[in-house]
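Reading through the structure tokens given below for one structure.
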Amino acid sequence: MRSSKYLLATQKETPSDAEVVSHQLMLRAGMIRKLASGLYTWLPNGVRVLHKVEQVVREEMNACGSIEIHMPTVQPSDLWQETGRWDKFGPELLRFQDRHSRDFVLGPTHEEVVTELVRKEVNSYKQLPLNLYQIQTKFRDEVRPRFGVMRSREFLMKDAYSFHLSPECLQKTYDEMYAGYCRIFERLGLEYRPVLADTGSIGGSVSHEFHVLAESGEDAIVFSDGSDYAANIEKAETIAPAGERPAPSQEMQEVATPNAKTIAELIEQFELKIEQTVKTLIVKATEESEHQLIALIIRGDHELNDIKAEKLADVASPLEFASEEEIRAAVGAGPGSLGPVNLPMPVVVDYAAAHCSDFGAGANVDDKHFFGINWERDVALGQVADLRNVVEGDPSPCGSGTLAIKRGIEVGHIFQLGEAYAESMNAAVLNEQGKNQTLTMGCYGVGVSRIVAAAIEQNNDKYGITWPDSIAPFKLAIVPMNMHKSHRVQEVANKLYEEAKERGIDVLFDDRKERPGVMFADIELIGIPHVIVIGDRSLDKGVIEYKNRRSGEKIEVAIEDIFNQF
RNA sequence: CGGUGAUUAGCGCAGCUUGGUAGCGCAUCUGGUUUGGGACCAGAGGGUCGGGAGUUCGAAUCUCUCAUCACCGACCA
């Protein structure tokens with residue numbers, strides 16, 4: 001490609017609304033432009049990278065025995081009614097009507113459509129297992145799109161779905177896909193980790209996420225230093241503290257605390273360690289429950305894990321906090337003065353909070369706290385459960401090592417779905433005994449457009465992007481110095497450009513009539529990994545210059561040796 | 001959905017307090033000079049100041065309203 005015939009679209013200035021480095025560089029390097037909130041046009045530099053990521057994913061999916069198909073983005077609502085997700089999915093699901101007033105959705109995922117396909121096309125156990133994938137645009141009406149294509153509303157995703165008659169068969173495919181995912185991220189040159197994950201609204205039992213490690217990641221992931229254990233913080237379990245709860249040493253007393261509405265204010269004003277306080281969070285109960293509200297109690301220095309909380313039998317899912325009015329109506333005090341003692345509702349206590357003695361908490365009377373509270377003596381303990389996020393230094397739930405926390409960008413997610421979708425959609429085949437048997441499913445996603453952003457988060461420097469060869473928009477740049485003045489430079493540059501094309505190398509020939517500084521800056525910004533510089537200065541010595549973008553290494557080589565350099 | 005802030009040339013911004021026919025930098029175009037790290041000189045084009053309504057002799061500027069965008073929070077395969 002000649003840059004004079006190309007849309008380079010680079011920018012010198014960083015747009016003010018781009019926060020993370022990948023977003024800034026994608027705009028500056030002429031990869032994307034925003035059309036509207038969460039919607040991006042991919043420019044030539046971006047499309048080239050996107051296609052390369054796509055191609056790696058496609059090759060590895062094919063190697064896993066998955067077969068490519070292509071399903072519509074627009075999906076009829078009745079399929080979503082069948083699985084119940086028409087009601088369960090929130091406003092994230094974009095719904096609209098066609099000219100006949102029939103309901104449709106813009107597909108955020110394709111379980112319904114693929115199951116509809118398979119229930120019609122597959123009738124016999126002899127056709128199984130079957131693994132289908134597509135690389136396709138998805139739409140999710142995100143509440144808050146941000147960070148460019150990292151969390152956009154429209155995005156490109158590879159999604160695969162496998163169909164089986166037994167959990168063992170599903171497990172086998174799941175393991176193959178797991179290995180295939182590892183190969184994908186290795187080939188893409190990313191530093192990544194597979195971690196145990198929650199299955200979320202997709203449902204199912206076993207699930208792993210693949211995370212690219214980056215400071216800007218939106219997920220917290222947890223590692224053990226004593227084993228391979230790694231999990232999303234949503235999923236990572238805490239274990240009950242070892243040993244007996246310390247015996248009470250204080251009497252419970254009521255204390256006036258007019259200026260302490262938060263734990264932070266409480267420990268600042270009184271002689272109290274944060275580990276000796278508890279927070280009381282009031283959430284709504286399920287409609288079936290005999291109570292309207294439930295109290296969740298965690299230690300003052302801990303954070304509630306929403307996912308763990310909403311898995312409790314009586315807690316409404318999605319988790320919903322009670323409003324201040326509801327709390328006042330039930331307790332008679334505001335949210336700043338709540339505690340387990342004399343609380344007129346069921347209480348679920350986190351393991352760590354249940355292990356506290358002589359602790360402080362609200363008295364359920366405005367501006368009053370109790371100090372020196374002890375479970376069983378002063379208040380019944382009730383149900384004890386895992387309610388909190390793990391923190392750095394917690395013992396690993398696998399039994400060996402302690403936990404560390406890092407940030408990650410979720411770029412892949414695999415699930416064992418089981419029979420849920422197949423059952424609600426009546427997807428079954430005849431088994432060897434000639435009996436109808438419901439299918440067991442797995443599903444496997446890769447965020448293709450998100451990978452592009454994630455790769456930049458891991459591969460950049462002060463000059464721009466430092467692509468790994470596997471996904472760079474161009475592998476090679478030819479940068480001539482003052483070509484329009486020097487016939488010799490022009491001749492060599494053209495010859496090398498033609499040779500690169502013959503060799504099948506993705507090459508960008510910067511034939512613009514620009515000053516050298518401009519060309520160098522653009523080539524570095526868009527991150528082309530290998531650069532040939534041709535100028536009279538080196539031609540006088542019978543050589544040309546090779547530069548490596550990532551290492552910064554510069555060497556002079558004979559013209560005929562140049563293609564051996566990379 | 002709540003809080004905060006923004007919207008003036010392609011991009012980044014000033015002007016608004018104190019109303020008087022709209023400016024800077026970058027980018028673009030033309031001519032010239034220059035050419036190994038985002039050059040210089042001269043000139044040019046480009047704006048119904050987010051939309052609507054109001055106050056006023058007169059509104060980018062004051063008031064109301066709507067829209068869009070961003071950040072924080074809530075939310076989220």
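Naming convention: chains lettered A, B, ... in sequence-line order (proteins, then strands); numbering from 1 in each chain. Because only heavy atoms are used, hydrogens play no part in the values below, and waters and symmetry mates are left out as well, while side chains stay in.
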What does His484(A) touch in the nucleic acid at a heavy-atom separation under 4.0 angstrom: a base, only the sugar-phosphate, or nothing? base
Select base, sugar-phosphate, or nothing to describe what Lys34(A) touches, counting heavy atoms under 4.0 Å on all strands. sugar-phosphate
Should rA14(B) form a Watson-Crick or G-U wobble pair with both distances under 3.5 Å, which nucleotide is its partner? none
For the side chain of Glu13(A), counting heavy atoms from C-beta on, which of rC71(B), rC11(B), rG37(B) is nearest? rC11(B)
Give the rounded distance in Å between these two atoms: CD of Glu320(A) and P of rG2(B). 15 Å
P atoms of rC41(B) and rA59(B), separation to the nearest Å: 40 Å
Straight-line distance of Arg388(A) CZ to Asp301(A) CG, nearest 0.5 Å: 8.0 Å
Candidates rC75(B), rG37(B), rA27(B) - which lies nearest the side chain of Phe520(A): rG37(B)
What nucleotide, of rU34(B), rC71(B), rC69(B), holds the atom closest to the side chain of Arg146(A)? rC71(B)
Rounding to an integer number of Å, can you tell me how far Asn482(A) CG sits from rU34(B) P? 12 Å
Between Tyr40(A) and His23(A), what is the ring plane arrangement, given parallel below 30°, perpendicular above 60°, and tilted in between? perpendicular
Write down the partner of rG47(B) under the Watson-Crick or G-U wobble criteria, each distance required to be under 3.5 Å. none
Gap between atoms CD and P, on Gln24(A) and rC11(B) respectively (whole Å): 17 Å
Is a donor on one side and an acceptor on the other found under 3.5 Å between the side chain of Arg33(A) and the backbone of Leu27(A)? yes
Base-pairing mate for rC76(B) - Watson-Crick or G-U, with both contacts under 3.5 Å: none
Counting only side-chain heavy atoms from C-beta out, which of rU35(B), rC76(B), rG38(B) sits nearest to Pro516(A)? rU35(B)
Side chain of Val143(A), heavy atoms from C-beta onward: which of rC75(B), rU35(B), rC69(B) has the nearest atom to it? rC75(B)
Closest of rA70(B), rG36(B), rG38(B) to the Arg537(A) side chain is rG36(B)
Spacing of Ile451(A) atom CD1 and Leu50(A) atom CG [to the nearest 0.5 Å]: 10.0 Å
Taking atom types as they are modelled, is there a donor-acceptor pair under 3.5 Å from the base of rG38(B) to the side chain of Asp522(A)? yes
For rU56(B), the Watson-Crick or wobble counterpart (both distances under 3.5 Å): none
What distance, rounded to whole Å, do you find between the two C1' atoms, one in rU56(B) and one in rG19(B)? 9 Å
Is NZ or CZ of Lys406(A) both nearer than 6.0 Å to the six-membered ring centre of Phe223(A) and within 45° of the ring axis? yes
Does OP1 or OP2 of rC11(B) have a side-chain N or O of Lys12(A) closer than 4.0 Å? no
Distance check, P atoms only: rG10(B) and rU33(B), in whole angstrom units. 32 Å
Between rA39(B) (P) and Met519(A) (CE): distance, integer Å: 12 Å
Ser37(A) side-chain proximity, nearest of rC69(B), rA77(B), rU35(B): rC69(B)
Among rC76(B), rA70(B), rA77(B), which is the nearest nucleotide to the side chain of Glu410(A)? rA77(B)
Can you find an N or O donor on one side and an acceptor on the other, under 3.5 Å apart, linking the side chain of Arg140(A) with the base of rC76(B)? no
Below 3.5 Å, does any donor atom in the side chain of Glu524(A) face an acceptor in the base of rG37(B), or the other way round? yes
rG19(B) pairs with which nucleotide, Watson-Crick or G-U wobble, both distances below 3.5 Å? none
C1'-based separation of rU30(B) from rG45(B) [nearest Å]: 10 Å
Given the P atoms of rG31(B) and rG38(B), what is the spacing between them in whole Å? 24 Å
For Trp467(A), is the NZ or CZ atom of Arg550(A) found under 6.0 angstrom from the centre of its six-membered ring and inside 45 degrees of the ring axis? no
Rounding to an integer number of angstrom, what distance separates rG23(B) and rU65(B) when you compare their P atoms? 32 Å
I'd like to know if Arg488(A) pairs up with Asp536(A) as an ion pair, taking the criterion as any Lys NZ or Arg NE/NH1/NH2 lying under 4.0 Å from an Asp or Glu carboxylate oxygen. yes
Any strand counts, and the cut-off is 3.5 Å on both contacts for Watson-Crick or G-U wobble. Which nucleotide pairs with rU33(B)? rA39(B)
Nearest 0.5 angstrom please: Asp510(A) CG to Ile532(A) CD1, how far? 13.0 Å
Gap separating the OH atom of Tyr546(A) from the CD atom of Glu553(A), nearest 0.5 angstrom: 6.5 Å
Which nucleotide in rU34(B), rA77(B), rC69(B) has an atom nearest any side-chain atom of Arg515(A): rU34(B)
Taking the P atom of each, how far is rG52(B) from rC76(B), in whole Å? 40 Å
Atom pairs, protein N/O to nucleotides 3-9 of chain B N/O, distance under 3.5 Å:
none

Within the 4.0 Å heavy-atom criterion, would you say Pro91(A) contacts the bases, only the backbone, or no part of the nucleic acid? nothing
Closest approach to the side chain of Leu525(A), judged atom by atom: which nucleotide of rG38(B), rC76(B), rC69(B) is it? rG38(B)
Would you kindly check if the NZ (Lys) or CZ (Arg) of Lys158(A) is within the cone defined by 45 degrees around the ring axis of Tyr444(A) and under 6.0 Å from the six-membered ring centre? no
With P as the reference atom in both, quote the distance from rA53(B) to rU61(B) in angstrom, rounded to an integer. 14 Å
pair_partner(rU7(B)), Watson-Crick or wobble, both distances < 3.5 Å, evaluates to rA67(B)
